[in-house]
Amino acid sequence: LLGAGEWSRAYSFKLDGQESVIRFGNHGEDFAKDQVMSGFSSAELPIPKVIEMGDTSSGFFVVSERAYGAFLDEIDGDGMRAVLPSLFRTLDAISDIDIATNEGYGIWSPQQRGEHSTWQAALLDVARKRPRIPGWRATLESSATGTERFDEAFEVLSQLVVSLPDERQLIHDDLLYRNVLVEGNTINAVIDWGNSMYGDHLYEAALLLYWWPWYPQWSGIDIRAELDRHWAERGAPPADLEQRLLAYQIHTGLEHQVFSAFKGYWDDLERNAHQTTVLAEVAQGNNW
């Protein structure tokens, strides 16, 4: 056993003498997306090759080449500072993938079609019922945290999305959940594309900003300053930067209230509710 996430379990084994990984899970479409993305592997975006997929009596499996390294979210502050240039190059490589012939926004299918016709609709989908996480709303309502702060932040998000640009790039959307492997100062593998979306590439930067305080070992790094420096090196800061980053952080907080309620992670639920509320108050203070 190599490890287990929320949706699958991974094991190492040798296939014809080659180090390989097999994962088992209930959502074959996630594995199919990994297969799609393995075709985009590059030096800046290394993605293990998918060798075979199939089904079992209790779900699905996928076999891929094995990659090695430390998980990005488990390295210390010095390690993170050293790997940031490689991480930013990886984010650029993800957003630079040509998806012009694909369709839609939000979570995309193995057929490379997003679920929604606009980026705004994809973001507002956070409040609906979803088959993979049934009953989250009722659970949130009955929890000690409740739904009031969720609903208030969702209303702020609803106002923010009206003026967001209809940007459409590829987004991994799950980089800090043991899905990035690091060797030395370099990203060595990006895995698990099940949550991947089509939308504004700045969403990935907003994820870093939102989750950074949850990793005390990185507190000595001003991640916003590092992002600003990277954007300046790329030419110029993106347009409407503050509003976009704030909207996507609020969306992230709402998403993780939904997920924490579904899983019964009560401490995480409360922390996400508090953080999302603070972000929504900032947006209201800026009259956005």
Nearest non-hydrogen partners of [X] and [Y], listed with the distance:
{"X": "L245", "Y": "L202", "result": "CD2-O, 3.8 Å"}
{"X": "S196", "Y": "I171", "result": "OG-O, 2.7 Å"}
{"X": "T145", "Y": "A273", "result": "CG2-CB, 3.7 Å"}
{"X": "L254", "Y": "A153", "result": "CD2-CB, 3.9 Å"}
{"X": "Y265", "Y": "E6", "result": "OH-OE2, 3.1 Å"}
{"X": "W214", "Y": "Q275", "result": "NE1-OE1, 2.9 Å"}

Over 12 non-hydrogen atoms of neighbours within 6.0 angstrom of [atom1] in [X]:
{"X": "D267", "atom1": "CG", "value": "no"}
{"X": "Q18", "atom1": "CD", "value": "no"}
{"X": "E148", "atom1": "CD", "value": "no"}

Is any side-chain heavy atom of [X] closer than 4.5 Å to a side-chain heavy atom of [Y]?
{"X": "R149", "Y": "E270", "answer": "yes"}
{"X": "Y68", "Y": "L181", "answer": "no"}
{"X": "F71", "Y": "Y177", "answer": "no"}
{"X": "V36", "Y": "W193", "answer": "no"}
{"X": "W212", "Y": "I221", "answer": "yes"}
{"X": "W119", "Y": "Y203", "answer": "yes"}
{"X": "W266", "Y": "S260", "answer": "no"}
{"X": "L72", "Y": "N179", "answer": "no"}

Counting only N and O atoms by type, is there a donor-acceptor contact under 3.5 Å from the side chain of [X] to the main-chain atoms of [Y]?
{"X": "W7", "Y": "H27", "answer": "no"}
{"X": "R130", "Y": "V126", "answer": "yes"}
{"X": "D73", "Y": "R178", "answer": "yes"}
{"X": "K14", "Y": "E19", "answer": "no"}
{"X": "S41", "Y": "I47", "answer": "yes"}
{"X": "S219", "Y": "P216", "answer": "yes"}
{"X": "Q120", "Y": "L164", "answer": "yes"}
{"X": "R168", "Y": "A100", "answer": "no"}
{"X": "Q169", "Y": "H201", "answer": "yes"}
{"X": "H230", "Y": "A225", "answer": "no"}

Inset, instruction - Please assess K263 against D268 for the test salt bridge (Lys or Arg N to Asp or Glu O under 4.0 Å), listing each intermediate value before the final yes or no. - result: CA-CA 10 Å; K263 298 295 292 187; D268 286 353; over 6 Å; no
Could you see if [X] belongs to whatever hydrophobic cluster contains [Y]? Use Ile, Leu, Val, Met, Phe, Trp, Tyr and a side-chain cutoff under 4.5 Å.
{"X": "Y198", "Y": "L207", "answer": "yes"}
{"X": "L176", "Y": "V180", "answer": "yes"}
{"X": "V282", "Y": "W211", "answer": "yes"}
{"X": "F24", "Y": "M53", "answer": "no"}
{"X": "I99", "Y": "L45", "answer": "yes"}

Legend entry - Centroid separation Y105 to H116 less than 6.0 Å: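 Not close enough - the centres of the two rings lie 6.0 Å or further apart.
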Between atom [atom1] of [X] and atom [atom2] of [Y], what is the distance when rounded to the nearest 0.5 Å?
{"X": "L175", "Y": "L208", "atom1": "CG", "atom2": "CG", "value": "7.0 Å"}
{"X": "L87", "Y": "E226", "atom1": "CG", "atom2": "CD", "value": "11.0 Å"}
{"X": "Y248", "Y": "H251", "atom1": "OH", "atom2": "NE2", "value": "10.0 Å"}
{"X": "I191", "Y": "D34", "atom1": "CD1", "atom2": "CG", "value": "8.0 Å"}
{"X": "E204", "Y": "T90", "atom1": "CD", "atom2": "OG1", "value": "10.5 Å"}

Legend entry - Side-chain donor-acceptor pair present, E44, S42, cut-off under 3.5 Å: no
Inset, instruction - Would you tell me whether D174 and N195 have side-chain atoms, one donor and one acceptor, within less than 3.5 Å of each other? - result: yes
Inset, instruction - Decide side-chain contact (heavy atoms from CB on, under 4.5 Å) for E115 and W108; before the verdict, give the C-alpha distance in whole Å, the side-chain angles of both, and the deciding distance to 0.1 Å. - result: CA-CA 6 Å; E115 295 181 343; W108 51 274; over 6 Å; no
Inset, instruction - List in chain and number order the residues that pass side chain to side chain donor-acceptor pair (under 3.5 Å) with K49, two or more places apart in sequence or in another chain; answer none if no residue qualifies. - result: none
Inset, instruction - Decide side-chain contact (heavy atoms from CB on, under 4.5 Å) for V83 and I75; before the verdict, give the C-alpha distance in whole Å, the side-chain angles of both, and the deciding distance to 0.1 Å. - result: CA-CA 10 Å; V83 83; I75 62 178; 3.8 Å; yes
Inset, instruction - Begin with the C-alpha distance, continue with both residues' side-chain angles, and end with the deciding distance and a verdict on salt bridge (Lys or Arg N to Asp or Glu O under 4.0 Å) for D151 and R137. - result: CA-CA 11 Å; D151 293 339; R137 177 76 189 192; 2.9 Å; yes
Inset, instruction - Give the ring-plane orientation class for Y215 versus W218, where under 30° counts as parallel, over 60° as perpendicular and anything between as tilted. - result: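 Judged by the thresholds at 30° and 60°, the geometry between Y215 and W218 is parallel.
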Inset, instruction - Go through E242 and R224 one step at a time and tell me if the salt bridge (Lys or Arg N to Asp or Glu O under 4.0 Å) criterion holds. - result: CA-CA 11 Å; E242 303 303 331; R224 178 56 195 272; 2.6 Å; yes
Inset, instruction - Apply side-chain contact (heavy atoms from CB on, under 4.5 Å) to L170 and F40, showing your working. - result: CA-CA 12 Å; L170 185 68; F40 293 101; 6.0 Å; no
Legend entry - Electrostatic pair K33-D192, nearest N-O below 4.0 angstrom: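 Looking at D192 together with K33, the answer is no, because their closest N to O distance does not fall below 4.0 Å.
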Inset, instruction - Give a yes or no on whether a salt bridge exists between R229 and D222, defined as a side-chain N under 4.0 angstrom from a carboxylate O. - result: no
Inset, instruction - Report the C-alpha separation of S158 and L124 in whole Å, then their side-chain angles, then the decisive distance to 0.1 Å, and conclude whether the side-chain contact (heavy atoms from CB on, under 4.5 Å) test is met. - result: CA-CA 7 Å; S158 300; L124 295 179; 3.6 Å; yes
Inset, instruction - Give the C-alpha distance, both sets of side-chain angles, the deciding distance and a yes or no for side-chain hydrogen bond (donor to acceptor under 3.5 Å, both in side chains) between S163 and Q243. - result: CA-CA 9 Å; S163 55; Q243 185 172 353; 2.7 Å; yes
